[in-house]
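Here is the structure we will look at, set down as structure tokens.
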Amino acid sequence: MDLSPDSGARDAGPPVPVPAVGLAERLRGGVSFRRDQLGFLQWAARTHGDIVRFRLFGIPMIMLNHPDHIYRVLVEQRTKYDKDALLYRLVRPVLRDGLIGNPGGELWQRQRRLMQPSFRPVIVAKFAENMTDETTAMLERWERQYAPGAVVNVHEEFGELALRIVNRSLFSARVGRAARDFAEAFTEANALLGRFFKFPFPPLTVPTPAHRRLRRAIDRMDAFVASFVQRRTADPGDEVDLLTLLMNAVDEDGDGRGMEPEQLHHEVLNLVVGAYETTTNALSWIFYLLAAHPEVERKLHEEADAVLGGRVPRFEDMARTPYARSVVEETLRLYSPAWQFMRRARTEDRIGGFHIPARSNIYLNSYVLHRHPQLWDDPESFDPGRFSPERSAGRPRHAYMPFGGGERICIGQHFALTELHLVLLTLVRRHRFRLPPGQPPVRPQPLITLHPEGGVPLEVHPR
Ligand code: HEM
């Protein structure tokens, strides 16, 4: 792997300004952020290199696209950076002080300490059966509802599946009308917030019609979470789920107390939001790519048949199906649902010899990083084999970060990887997927998360 180590090279002299994309050049290049965000970001990295500055609606952003630089911000100099950045300010009216958009500091540290134990692999293993049960139930419904070879919009199906799985794991609840109402409210909030990147809007305190709709969507999501938390507070029962774990969690290394009710509410909302849309999109991309690559699907069938012999997969099967894991990893390389995240520089810094002024917005983008031509051979091709131990050897750690990195790495990472792996195995056991003839390529739509635009219609065939 030949990646220019520009850190050391420029560390000697005084720091230099980060190269900027100028307006004239932007016009000449003909790539507009508003019209084609992904195209613009790739063009900026291609023309200026691994560190580049541009303005997003007048707000300066510094995009980092070098694993060493990303390591510096997320790990080595993490105390110099926090999450009080544009993207999280945008989602804070929805997520409030929960982990996802929390700027950092003492409250975040305490909450992470309290919650981390509930997301260890041994705990996630207890939810594996929820994942395979719900997938099996979905397949049984498909068999009743669709003729063999019928075209199914799997994106819609996976939305409902992901919601069922997170609901059962958090609240021991089955999806009913209330959950569908949550999903609708979430979709509306996501679309309204995602619009910011095309048409920046005024602060939410300004009562525009769109803001009033957002307010109503937030109220509906709050009502959904409150109904579970209040019921459980009134009658703790004997359910063993994430809500019970969080309600019983105490800060053993701190004040020995648990979470305040309002904070618990926000954290639960953050978990549903964090889990629902990301895994829906990831599942949709996995099956889209499989349908387009029958040779990969064939290898997956061979592995699944050899290990499972027709039975429903269990948590332990994940370690014995490395190819399935690499299909998940390669999908998250090409279409990482949480495709962009940000930090704010609390003080000035120096990255690879470049000057980072205090209060800079640092923009990290795995869509561009995961296509870096010096990190990935033939980056646009879908090649799960690149995640084999041999071919992964020597790859810099922060070259691949679908779940972020450092202390703020996704708390639900094991949960998500378990869900994606087990749903994949459960589905390929009995079905194969094909692109319908004449189906145009599904394009990624960069909202807050990376959506498959227009859904993912696939032919579903029994094997
Ligand atoms: C494929 C699925 C998922 C992807 C790609 C994903 C990605 C990410 C990324 C990139 C971050 C870090 C953002 C940053 O540093 O600014 C993050 C944070 C977070 N994710 Fe996920 N996530 C996924 C699934 C989940 C699930 C299943 C849950 C909950 C069960 C979850 C809950 C969270 C929370 C609470 C945080 C904030 C952690 C903190 O700052 O302490 N995510 N996720």
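Heavy atoms only: backbone and side chains are in, while hydrogens, waters and symmetry mates are out. Both counts, for ligands and for their atoms, begin at 1 and track the order of listing.
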Is there any N or O on S336 that sits under 3.5 Å from an N or O of ligand 1? no
Using a cut-off of 2.8 Å, how many protein N, O or S atoms lie below it in distance from atom 21 (Fe) of ligand 1? 1
With a 4.5 Å limit on heavy-atom distance, are the side chains of V52 and F354 in contact? no
List ligand 1 atoms under 4.0 Å from R343, heavy atoms only on the residue side. 14 (C), 15 (O), 16 (O)
Can you name the atoms of ligand 1, numbered from 1 with element, that are less than 4.0 Å from a heavy atom of F415? 27 (C)
Sort and list the pairs that fulfil ring-ring contact (aromatic ring centres under 6.0 Å, His included) and have at least one residue in residues 75-96, not counting sequence neighbours. none
Please determine if Y88 has a nitrogen or oxygen closer than 3.5 Å to a nitrogen or oxygen of ligand 1. yes
Numbering as shown, the atoms of ligand 1 that approach P402 to under 4.0 Å (heavy-atom distance): 5 (C), 7 (C), 10 (C)
Please say whether more than 12 non-hydrogen atoms of neighbouring residues, nucleotides or ligands are located less than 6.0 Å from CZ in R325. no
Face-on cation placement of R343 at F341 ring, 6.0 Å and 45° thresholds: no
Just by distance, do the side chain of E348 and the backbone of H355 share a donor-acceptor pair under 3.5 Å? no
Looking at residues at least two apart in the chain, or sitting in another chain, which of them share a side-chain hydrogen bond (donor to acceptor under 3.5 Å, both in side chains) with E157? R141, W142, Y146
Show me which atoms of ligand 1 lie under 4.0 Å from any heavy atom of F119. 30 (C)
For atom 13 (C) of ligand 1, find the nearest protein heavy atom and state the residue, atom name and distance (0.1 Å precision). K83 NZ, 4.0 Å
Do ligand 1 and R408 have nitrogen or oxygen atoms that lie under 3.5 Å from each other? yes
Could you say whether the N/O atoms of N270 and ligand 1 ever approach to under 3.5 Å? no
Which residue and heavy atom of the protein sit nearest atom 39 (C) of ligand 1, plus the separation: R112 NH1, 3.3 Å
Could you pull out all residues at least two apart from D317 that satisfy side-chain hydrogen bond (donor to acceptor under 3.5 Å, both in side chains)? R311, R320
Under-4.0 Å salt bridge between D235 and R231: no
T132 (side chain) donor-acceptor with E129 (main chain) under 3.5 angstrom: yes
Is it the case that over 12 heavy atoms from other parts of the model lie below 6.0 angstrom from the CD atom of E295? yes
Is there side-chain contact between V307 and L425, with heavy atoms separated by less than 4.5 Å? no
